[in-house]
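Chain A is the first sequence line, chain B the second, and so forth, proteins listed ahead of strands; every chain is numbered from 1.
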Amino acid sequence: MSTSGQPQFRYTQTPSKVLHLRNLPWECTEEELIELCKPFGKIVNTKCNVGANRNQAFVEFADLNQAIQMVSYYASSSEPAQVRGKTVYIQYSNRHEIVNNKSPGDVPGNVLLVTIEGVEAGDVSIDVIHLVFSAFGFVHKIATFEKAAGFQALIQFTDAETASSARVALDGRSIPRYLLPEHVGSCHLRISYSAHTDLNIKFQSHRSRDYTNPYLPVNPTAIEGPVQPVVGPDGKKKEPESNVLLASIENMQYAVTVDVLHTVFSAFGTVQKIAIFEKNGGTQALIQYPDIATAAVAKETLEGHCIYDGGYCKLHLSYSRHTDLNVKAYSEKSRDYTIPDASLLAGGQVSAPTAWQNPQAGPMYPMNNYAAGPTQVPAGQVPAWDPAVQAGGPVYASAPGTFPGQTYSAPPVPTYVTAAMPVGSSPLSQSSTISPGVASMPMTQTGIQPNLRPGGAPPVGQPPYYGR
DNA sequence: AGCACA
């Protein structure tokens with residue numbers, strides 16, 4: 001029902017020091033907004049790129065009279081308010097202050113987040129980006145990456161002022177055609193501020209540059225430039241080999257933790273880093289080895305095999321484009337085993353040591369996810385084919401407080417695997433289930449009560465019900 | 001061209 005007899009445009013009736021602007025170009029920046037409004041008074045807050053079309057904005061003056069001045073001026077002016085040639089319509093807002101201004105990308109900083117629309121990563125070289133943005137000041141660092149939003153670049157300037165000048169000048173503009181491959185159509189730049197202040201560039205490569213450090217090593221796998229598909233002898237495209245494997249985990253009925261993956265992939269050599277993440281509704285993991293050879297063996301051996309019996313947690317492996325993962329040293333979803341343990345233990349930030357360091361340690365996993373086993377190592381946490389765990393004895397042979405392969409020069413294969421698996425034998429060749437060194441583990445027979453068990457300890461070899 | 005955010 002009609003709530004009042006007011007006309008439809010009642011918003012225009014009540015002056016407010018907040019003005020509502022519409023029909024703005026979607027590229028309109030805060031700076032342009034301020035340019036338009038500041039002749040009328042002091043602006044204390046703005047909010048731009050509002051609405052589904054990002055073509056509305058709010059401006060808050062310090063004083064109500066200043067807002068009235070602006071509205072009155074344009075009400076009687078023969079020249080309408082304009083931004084980038086578009087007529088801007090100005091009214092009093094129905095609110096009297098701007099709240100929650102500034103999405104993170106609007107908070108000025110010295111690092112810009114640039115989204116290059118309508119292109120693929122290979123279309124715009126980092127040199128072109130550098131060229132374009134260097135026009136505004138010294139570009140310290142550039143990192144490029146592909147996300148759901150498209151091809152993006154982080155560009156680090158000396159200060160927020162320089163970054164801002166680049167943003168004002170380039171946001172919504174296009175990279176000149178002559179700098180782009182012919183097949184590229186439009187390529188608009190969408191620019192916001194990054195929350196970063198100093199990018200962590202590890203290598204000079206086709207994806208990232210540090211112009212402040214010419215001696216930074218060149219990433220050997222990245223030097224070749226934009227992903228050139230390697231063509232195998234059969235003429236088919238082959239993904240370039242890498243020391244980092246990308247594992248997609250299919251049919252993941254059970255928890256696959258960092259520890260589980262570490263155990264599985266350590267059978268082939270030192271695992272340096274692990275990261276687990278969700279992608280396209282599935283679970284994937286990146287596993288980093290020191291070298292390609294180790295990764296290759298792991299990939300060949302594990303491909304298509306299952307972590308757990310019964311076809312659960314089937315692994316599909318490919319080479320990642322990464323060569324060095326940047327992961328949190330110790331988190332639910334990632335682990336960096338190359339961090340010296342001293343920092344881990346001394347730091348006090350880490351809630352618990354890993355299981356193999358101290359099997360007697362208290363609960364270290366979210367116990368709501370796991371049925372506690374008879375030992376302090378939760379059943380299912382370490383895949384049950386690990387004979388040492390089954391035996392209930394000391395689980396790992398690593399020296400206390402050291403990480404395998406890190407502080408001592410033992411063979412790259414963890415002891416428990418070496419002992420169980422004859423060198424040269426392929427651990428998984430006999431079975432579709434990963435069970436190195438145990439030809440036929442007494443695992444649950446396929447198809448028997450895999451997981452839907454209310455209560456009770458899981459059968460040996462069976463991970464606990466996930467999601468209880 | 002018509003009022004944000006969470």
Checklist entry - Side-chain contact, heavy-atom cut-off 4.5 Å: A:V327 with A:I274? => result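 The answer is no, as the side chains (C-beta and beyond) never meet within the 4.5 Å cut-off.
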
Checklist entry - Taking the side chain as C-beta and beyond, is there a heavy-atom pair between A:V124 and A:L180 under 4.5 Å? => result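 The answer is yes; the side chains approach within 4.5 Å.
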
Integer-rounded Å distance: [N] [atom2] and [X] [atom1]:
X: A:N94; N: B:dA1; atom1: CG; atom2: P; result: 20 Å
X: A:E60; N: B:dC3; atom1: CD; atom2: P; result: 19 Å
X: A:K17; N: B:dC3; atom1: NZ; atom2: P; result: 21 Å
X: A:I90; N: B:dC3; atom1: CD1; atom2: P; result: 16 Å
X: A:N45; N: B:dC5; atom1: CG; atom2: C1'; result: 13 Å
X: A:R54; N: B:dC5; atom1: CZ; atom2: P; result: 11 Å
X: A:N49; N: B:dC5; atom1: CG; atom2: C1'; result: 15 Å
X: A:I98; N: B:dA4; atom1: CD1; atom2: P; result: 13 Å

Next on the checklist: Closest-nucleotide mapping onto DNA chain B: is A:G51 or A:R22 further toward the 5' terminus? I mean the 5' end.
Outcome noted: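 Its nearest nucleotide lies further toward 5', so the answer is A:R22.
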
Next on the checklist: So, using salt bridge (Lys or Arg N to Asp or Glu O under 4.0 Å) as the criterion, who are the partners of A:K202 when residues are at least two apart?
Outcome noted: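 Scan of A:K202 (salt bridge (Lys or Arg N to Asp or Glu O under 4.0 Å), adjacent residues dropped) gives A:D324.
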
Checklist entry - Closest to the A:H20 side chain: B:dA4, B:dA1, B:dC3? => result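 Of B:dA4, B:dA1, B:dC3, B:dC3 is nearest to the side chain of A:H20.
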
Next on the checklist: Within the 4.0 Å heavy-atom criterion, would you say A:E97 contacts the bases, only the backbone, or no part of the nucleic acid?
Outcome noted: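 Answer is base: heavy atoms of A:E97 come under 4.0 Å of a base.
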
Checklist entry - Mind checking whether A:F136 and A:F157 have ring centres under 6.0 Å apart? => result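 Ring centres of A:F157 and A:F136 not closer than 6.0 Å.
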
